Each structure stands twice: as structure tokens, then as C-alpha cells.
Participant: 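One structure is given below, represented as C-alpha cells, and several questions about it will come after.
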Amino acid sequence: MSSLGMRAQAVIGRFLVRSNRTYLYERLVDGVNGVDATTYPVLSGLARVGPASATRLAAAIGLDRTATTRYASRLEAAGLLRRVPDARDGRATTLELTARGEAAVAAARRALAALFEDVLADWGEPEAERFVAGLERFVTALEQRHHAG
């Protein structure tokens, strides 16, 4: 493996460390009623994938179904999501965001964007633009490889 590949995997590993994710989640849910660092992935994941069963959502966000269901119950109690009967299977339910849930996701994403802008503020516009463009390209390439099988 090239030194560039080793550097990339090392820094992405550091970025994905649970403590970094927890720090980001805590920052972005600060002041968002009914959401905390543990429930945010369920709320955000539902915003990304749209209405879904707990099993499908769990697979999309990388949590097990039991944890996803438990966090969804907390979000439901806070009025941020609701369970509706699955149109294809009357025994199953689908999770979907409420208007309050959509507003909570928007508020959390604004907070995350502000944090990233703060981190990038010292970089200068051209450097920050190159970083974001490169990150977009990197993630797109990973997604294409993943979906290609």
C-alpha cells in the first residue's frame, strides 16, 4: 500500500473514532429538543433514507435493529417521528419523520455546517474549497464502488 493510502486510512480512522462522532453529535444536537447523541443517527438516517422499517433503517445507519427500535421509541415520545402501518404488510410498521422531526434534522444540520465552517475558517477559501471538492469526489468514488458490487 502506498504511503498516501496509509495516510488516508489512518486519518479516516481517526475521524471515525467513536469519540469524534460523539463530539460531533453532541455539538450538533445541543439545543435540539428531544434529540441526543445516541438518537441523532436514527433521526438523521431516517431523513436520508425516508420512511423505512426499523430493520431497513438499522442496516442503513449501522446499528442493530434493537437499538434502532429503542432510539426510535425515544424519538417518537418526543414527537419527532411516528410509526405508521406498512402499506405492503399490515403487521409491520414504518418509521417516518414528523414535521417537528424534520425541523430538528434541519437545526442539527445547520449546527454541523456551522461547526465545519468554523473549523475551515482558518484554511482560506481556495484551500477549503479544494478540501470539500476532494472529499465529495472521494465519497462519490466509495459509493460507486459499493453499489457496483
Side-chain angles (χ1 to χ4, degrees), residues 8-9 11-148:
Q9 70 82 23
V11 74
I12 289 172
R14 286 176 36 215
F15 177 71
L16 295 175
V17 167
R18 179 179 297 274
S19 63
N20 284 333
R21 288 192 321 265
T22 300
Y23 168 75
L24 289 174
Y25 292 161
E26 287 172 352
R27 290 286 306 266
L28 63 102
V29 300
D30 186 36
V32 180
N33 291 330
V35 185
D36 62 25
T38 59
T39 58
Y40 177 74
V42 171
L43 188 74
S44 177
L46 199 54
R48 271 193 318 279
V49 303
S53 68
T55 301
R56 181 170 160 250
L57 180 59
I61 63 175
L63 290 176
D64 66 53
R65 187 191 53 76
T66 303
T68 300
T69 299
R70 182 173 56 250
Y71 298 148
S73 293
R74 288 171 44 193
L75 293 167
E76 183 180 30
L80 302 172
L81 69 79
R82 65 179 154 259
R83 288 178 167 87
V84 297
D86 187 308
R88 293 167 294 174
D89 181 354
R91 299 167 295 167
T93 59
T94 298
L95 305 172
E96 63 180 37
L97 293 178
T98 63
R100 285 188 57 214
E102 290 172 3
V105 168
R109 289 182 176 168
R110 282 191 303 273
L112 186 58
L115 173 61
F116 287 169
E117 286 179 14
D118 186 50
V119 169
L120 294 171
D122 295 338
W123 289 35
E125 187 69 27
E127 185 180 15
E129 178 58 41
R130 281 191 305 276
F131 169 75
V132 172
L135 187 58
E136 288 170 335
R137 183 176 172 197
F138 182 83
V139 171
T140 297
L142 279 178
E143 289 170 338
Q144 289 171 343
R145 287 174 186 244
H146 170 74
H147 296 298

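What you are looking at is a predicted structure, and each value in this text was computed from that prediction instead of being measured. The figures that follow rest on heavy atoms only: side chains count, while hydrogens, waters and symmetry mates do not.
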Participant: Let me know which of Thr66, Thr38, Val35 forms a side-chain contact (heavy atoms from CB on, under 4.5 Å) with Tyr71.
Facilitator: Thr38

Participant: Apply the test side-chain contact (heavy atoms from CB on, under 4.5 Å) to residues Arg74 and Asp36: give CA-CA distance (whole Å), side-chain angles for both, the deciding distance (0.1 Å), then the verdict.
Facilitator: CA-CA 10 Å; Arg74 288 171 44 193; Asp36 62 25; 2.4 Å; yes

Participant: Checking Arg48 against Ser44: is there a side-chain donor and acceptor pair closer than 3.5 Å?
Facilitator: yes

Participant: In this structure, are over 12 heavy atoms from other groups packed under 6.0 Å from Arg109 atom CZ?
Facilitator: yes

Participant: Is any side-chain heavy atom of Leu95 closer than 4.5 Å to one of Arg83?
Facilitator: yes

Participant: If every non-hydrogen atom of Ala128 is compared with every non-hydrogen atom of Leu120, which pair is closest and at what distance?
Facilitator: CB-CB, 4.2 Å

Participant: Which pair of non-hydrogen atoms, one from Thr69 and one from Ala54, has the smallest distance, and what is that distance?
Facilitator: OG1-CB, 3.5 Å

Participant: Would you name the heavy atoms of Pro41 and Tyr25 that are closest together and state the gap between them?
Facilitator: CG-CE1, 3.6 Å

Participant: Using 0.5 Å steps for rounding, measure from the OG1 atom of Thr98 to the CD atom of Glu76.
Facilitator: 10.0 Å

Participant: Looking only at heavy atoms, which two atoms of Arg88 and Asp86 are closest? And how far apart?
Facilitator: N-OD1, 2.7 Å

Participant: Looking only at heavy atoms, what is the nearest atom pair of Thr39 and Gly34, with distance?
Facilitator: OG1-O, 4.2 Å

Participant: Passes side-chain contact (heavy atoms from CB on, under 4.5 Å), Val32 versus Leu43? Steps please.
Facilitator: CA-CA 12 Å; Val32 180; Leu43 188 74; 5.6 Å; no

Participant: To the nearest 0.5 Å, what is the distance between CZ (Phe116) and CG (Leu135)?
Facilitator: 9.0 Å

Participant: Carefully, step by step, assess Leu24 and Leu115 under the rule side-chain contact (heavy atoms from CB on, under 4.5 Å).
Facilitator: CA-CA 9 Å; Leu24 289 174; Leu115 173 61; 3.4 Å; yes

Participant: Around atom NE2 of His147, are there more than 12 heavy atoms of other residues, nucleotides or ligands at under 6.0 Å?
Facilitator: yes

Participant: Determine, step by step, whether Glu127 and Arg130 satisfy the side-chain contact (heavy atoms from CB on, under 4.5 Å) criterion, reporting the C-alpha distance in whole Å, the side-chain angles of both residues, the deciding distance to 0.1 Å, and the verdict.
Facilitator: CA-CA 5 Å; Glu127 185 180 15; Arg130 281 191 305 276; 3.8 Å; yes

Participant: If I take atom CG from residue Leu75 and atom OH from residue Tyr40, how far apart are they, to the nearest 0.5 angstrom?
Facilitator: 11.5 Å

Participant: Out of curiosity, Arg65 CZ to Arg70 CZ, how far, rounded to the nearest 0.5 Å?
Facilitator: 11.0 Å

Participant: Taking Arg100 for its side chain and Ala78 for its backbone only, find out whether a donor-acceptor pair lies under 3.5 Å.
Facilitator: yes

Participant: Grab the two heavy atoms, one from Arg56 and one from Pro51, that are nearest each other, plus how far apart they are.
Facilitator: NH1-O, 3.2 Å

Participant: How far does OG of Ser19 sit from CD of Glu26, to the nearest 0.5 angstrom?
Facilitator: 10.0 Å

Participant: Looking at Arg14 and Asn20, would you say the former's side chain and the latter's main chain have a donor-acceptor pair under 3.5 Å?
Facilitator: no

Participant: Supply the atom-to-atom distance Leu63 CG to Thr68 OG1, rounded to the nearest 0.5 angstrom.
Facilitator: 4.5 Å

